[in-house]
A.B. asks: 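Below is the structure I would like to discuss, written out as structure tokens.
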Amino acid sequence: MKLTVLGYYGGYPTPLAGTTGFLLTAGDYHLLLDCGSGVLKVLEQYLDPLRLDAAILTHYHHDHIADVGVLQYYWQLRQGERQEPELPIYGHTEDPLNFASLTWAGATEGRSYDPEATLNLGPLTITFQRTIHPVPTFAMRIVDDRGKVLVFTADTRYFPELADFARDADLLITDTNFDHTKTGKLWHMTAAQSGKLAEQAGAKRVLLSHLPQQIDHQQLLKEATEQVTGRPIVCAQTGMSFEI
Ligand SMILES: [Zn+2]
Ligand SMILES: [Zn+2]
């Protein structure tokens, strides 16, 4: 499968890049993973949004769902051109109002995922891990039909069970929002925690995402790299892609 970074900031976009969103392609199946601010316009550079087979959301913070509304309008206004009647958007149901907003009549259909169960989407098999974050949030482990594994931590503070969930991932995407100077209660990981998680999990490659606007990303890369032995780590950039 192939992962393309569509947006990678936490919180809010900058003039140069948007917030969280990834395009995951497996064969001819196209899944949008989170849909943050600025994600739709970047997606349009890589894939006609009408060719998406589904979207899936880790949680309902704005930096992960800001472009859901315009994606719905895209599907509504380009009605004549689409092959599928509606785009399925998968989300959890622990926040009923936000879940209900995933349905836009005639354009998109909200579908629930059960975090305790396995979700099969095309050639992809997805399992979930509840994270530690101010609102219900689910990390995802996505396995394709060749057995390749992508793990996305979603938004979370560090906790040891994440390493089991991310075990032997071919690519691990981590929520990396702080450097070593951050103290107090955390709702995201520091760069060092991302590196530690990758090392504990035995992840083959690591992508640092959910990056901050006001910390040098090279500094984050350095702090994460200090925690690992021989695992390639990169900071996310728009358009960066990975063959998994
Ligand atoms: Zn976020
Ligand atoms: Zn969040």
A.B. asks: Anything under 3.5 Å between a donor and an acceptor, one on a side chain of residues 235-244, the other on a protein residue two or more places apart or in another chain? List them.
C.D. replies:
none

A.B. asks: Looking at every non-hydrogen atom in both residues, tell me the closest pair between Ala163 and Gln200 and how far apart they are.
C.D. replies: CB-CB, 3.7 Å

A.B. asks: Under 3.5 Å, is there a donor-acceptor pair between the Asp34 and Thr20 side chains?
C.D. replies: no

A.B. asks: If only side-chain N and O atoms count, and only distance matters, is there a donor-acceptor pair under 3.5 Å linking His30 with Asp53?
C.D. replies: no

A.B. asks: Check the pair His217 / Gln219 against side-chain contact (heavy atoms from CB on, under 4.5 Å), numbers first and verdict last.
C.D. replies: CA-CA 5 Å; His217 295 172; Gln219 175 64 23; over 6 Å; no

A.B. asks: Minimum heavy-atom separation for Leu57 to Ile65, with atom names?
C.D. replies: CD1-CG2, 3.9 Å

A.B. asks: Distance-only, no hydrogens or angles: does the Arg167 side chain make a donor-acceptor pair with backbone N or O of Gly202 under 3.5 Å?
C.D. replies: no

A.B. asks: Please say which of Thr118, Leu33, Ile142, Asn120 ends up in a side chain to side chain contact (heavy atoms under 4.5 Å, CB included) with Ile126.
C.D. replies: Ile142

A.B. asks: Would Leu3 and Leu171 count as a side-chain contact (heavy atoms from CB on, under 4.5 Å) here? Give the steps.
C.D. replies: CA-CA 9 Å; Leu3 181 95; Leu171 179 66; 3.9 Å; yes

A.B. asks: Can you give me the closest heavy-atom contact between Gly91 and Phe99, atom names plus distance?
C.D. replies: O-CE1, 3.8 Å

A.B. asks: Quick one: pull up OH in Tyr158 and OG1 in Thr190 and give me the separation to the nearest 0.5 Å.
C.D. replies: 10.5 Å

A.B. asks: Does the Arg141 side chain pair with the main chain of Phe165, one donor and one acceptor, at a distance under 3.5 Å?
C.D. replies: yes

A.B. asks: Looking at Lys41 and Glu44, does any basic side-chain N land under 4.0 Å from a carboxylate oxygen?
C.D. replies: no

A.B. asks: If you measure from the Lys or Arg side-chain nitrogens to the Asp or Glu carboxylate oxygens, is any gap between Asp48 and Arg51 under 4.0 Å?
C.D. replies: no

A.B. asks: Out of Thr153, Leu208, Leu207, which residue meets the side chain to side chain contact (heavy atoms under 4.5 Å, CB included) rule with Leu172?
C.D. replies: Thr153

A.B. asks: Just grab all the ring pair (Phe, Tyr, Trp, His ring centres under 6.0 Å) pairs involving residues 72-94, residues at least two apart or on different chains.
C.D. replies: Tyr60-His92, Tyr73-Trp104, His92-Phe138

A.B. asks: For residues Tyr113 and Leu52: do they belong to one hydrophobic cluster (side chain heavy atoms under 4.5 Å, members Ile, Leu, Val, Met, Phe, Trp, Tyr)?
C.D. replies: no

A.B. asks: Please list, chain by chain and in numerical order, all residues satisfying ring-ring contact (aromatic ring centres under 6.0 Å, His included) with Tyr8, sequence neighbours excluded.
C.D. replies: none

A.B. asks: To the nearest 0.5 angstrom, please state how far the CG atom of Leu119 sits from the CZ atom of Arg111.
C.D. replies: 10.0 Å

A.B. asks: Should Leu124 and Leu23 be counted in the same cluster of Ile, Leu, Val, Met, Phe, Trp and Tyr side chains packed under 4.5 Å apart?
C.D. replies: no

A.B. asks: Determine whether Tyr12 and Tyr9 fall in the same hydrophobic cluster, where Ile, Leu, Val, Met, Phe, Trp and Tyr are linked whenever their side-chain heavy atoms lie under 4.5 Å apart.
C.D. replies: no

A.B. asks: Linking I/L/V/M/F/W/Y whenever any side-chain heavy atoms sit under 4.5 Å apart, do Tyr46 and Ile56 land together?
C.D. replies: no

A.B. asks: Could you tell me which non-hydrogen atom of Phe128 sits nearest to which non-hydrogen atom of Ala117, and how far apart they are?
C.D. replies: CD1-O, 3.7 Å

A.B. asks: Is there a side-chain contact (heavy atoms from CB on, under 4.5 Å) between Asp155 and Thr131? Walk through the geometry before answering.
C.D. replies: CA-CA 7 Å; Asp155 284 11; Thr131 74; 5.6 Å; no

A.B. asks: A side-chain contact here means heavy atoms from C-beta on lying under 4.5 Å apart; do Thr127 and Met140 qualify?
C.D. replies: no

A.B. asks: Would you indicate whether the side-chain heavy atoms of Thr58 and His64 approach each other to under 4.5 Å?
C.D. replies: yes

A.B. asks: Can you give me the closest heavy-atom contact between Gly195 and Val228, atom names plus distance?
C.D. replies: O-CG1, 3.2 Å

A.B. asks: Walk me through whether Trp187 and Ile132 qualify under side-chain contact (heavy atoms from CB on, under 4.5 Å).
C.D. replies: CA-CA 7 Å; Trp187 295 119; Ile132 302 177; 4.1 Å; yes

A.B. asks: How long is the gap from OG1 on Thr4 to CD on Gln45, to the nearest 0.5 Å?
C.D. replies: 11.0 Å

A.B. asks: Quick one, Pro123 and Asp144 - any side-chain contact, counting heavy atoms below 4.5 Å?
C.D. replies: no

A.B. asks: Between the side chains of Gln72 and Thr108, does any donor sit under 3.5 Å from an acceptor?
C.D. replies: yes

A.B. asks: Decide yes or no for His133 and Arg157: does some side-chain heavy atom of the first lie under 4.5 Å from some side-chain heavy atom of the second?
C.D. replies: no

A.B. asks: Pick from Lys148, Arg205, Met1: which one makes a side chain to side chain contact (heavy atoms under 4.5 Å, CB included) with Asp170?
C.D. replies: Lys148

A.B. asks: Check Ser209 against Ile173 and note the closest heavy-atom contact, atom names and distance.
C.D. replies: CB-CG2, 3.8 Å

A.B. asks: May I ask you to check whether over 12 heavy atoms, not counting those of Asp164, lie within 6.0 Å of atom CG?
C.D. replies: yes

A.B. asks: Give a yes or no on whether a salt bridge exists between Arg130 and Glu94, defined as a side-chain N under 4.0 angstrom from a carboxylate O.
C.D. replies: yes

A.B. asks: Can you establish whether the number of heavy atoms outside Leu77 located under 6.0 Å from its atom CG is more than 12?
C.D. replies: yes

A.B. asks: Kindly say whether the aromatic ring centers of His210 and His61 come within a distance under 6.0 Å.
C.D. replies: no

A.B. asks: Applying the side chain to side chain donor-acceptor pair (under 3.5 Å) criterion to His188, which one of Thr156, Thr174, Asp175 satisfies it?
C.D. replies: Asp175

A.B. asks: Is it true that Phe159 and Leu186 fall in one hydrophobic cluster, defined by side-chain heavy atoms closer than 4.5 Å?
C.D. replies: no

A.B. asks: In Å, rounded to the nearest 0.5 Å, how long is the span from CG of Asp179 to CG of Leu221?
C.D. replies: 13.0 Å

A.B. asks: Backbone N or O of Val135 within a donor-acceptor pair of the Thr137 side chain at under 3.5 Å?
C.D. replies: yes

A.B. asks: Can you find a pair of side-chain heavy atoms, one from Ile215 and one from Pro212, that are under 4.5 Å apart?
C.D. replies: yes

A.B. asks: With side chains defined as the heavy atoms from C-beta onward, is the minimum distance between Leu71 and Cys35 less than 4.5 Å?
C.D. replies: yes

A.B. asks: Find the distance between CG (Leu121) and OH (Tyr29) and round it off to the nearest 0.5 Å.
C.D. replies: 4.0 Å

A.B. asks: May I ask you to decide if His180's main-chain N or O and Glu223's side chain share a donor-acceptor pair within less than 3.5 Å?
C.D. replies: yes

A.B. asks: Would you indicate whether the side-chain heavy atoms of Pro49 and Leu40 approach each other to under 4.5 Å?
C.D. replies: yes

A.B. asks: To the nearest 0.5 Å, what is the distance between CD1 on Ile233 and CG on Leu220?
C.D. replies: 11.0 Å

A.B. asks: Side chains of Val39 and Leu32, heavy atoms from C-beta outward: is any pair under 4.5 Å?
C.D. replies: yes

A.B. asks: Quick one about Glu199 and Thr229 (side-chain donor to acceptor, distance below 3.5 Å, no hydrogens or angles considered), yes or no?
C.D. replies: yes

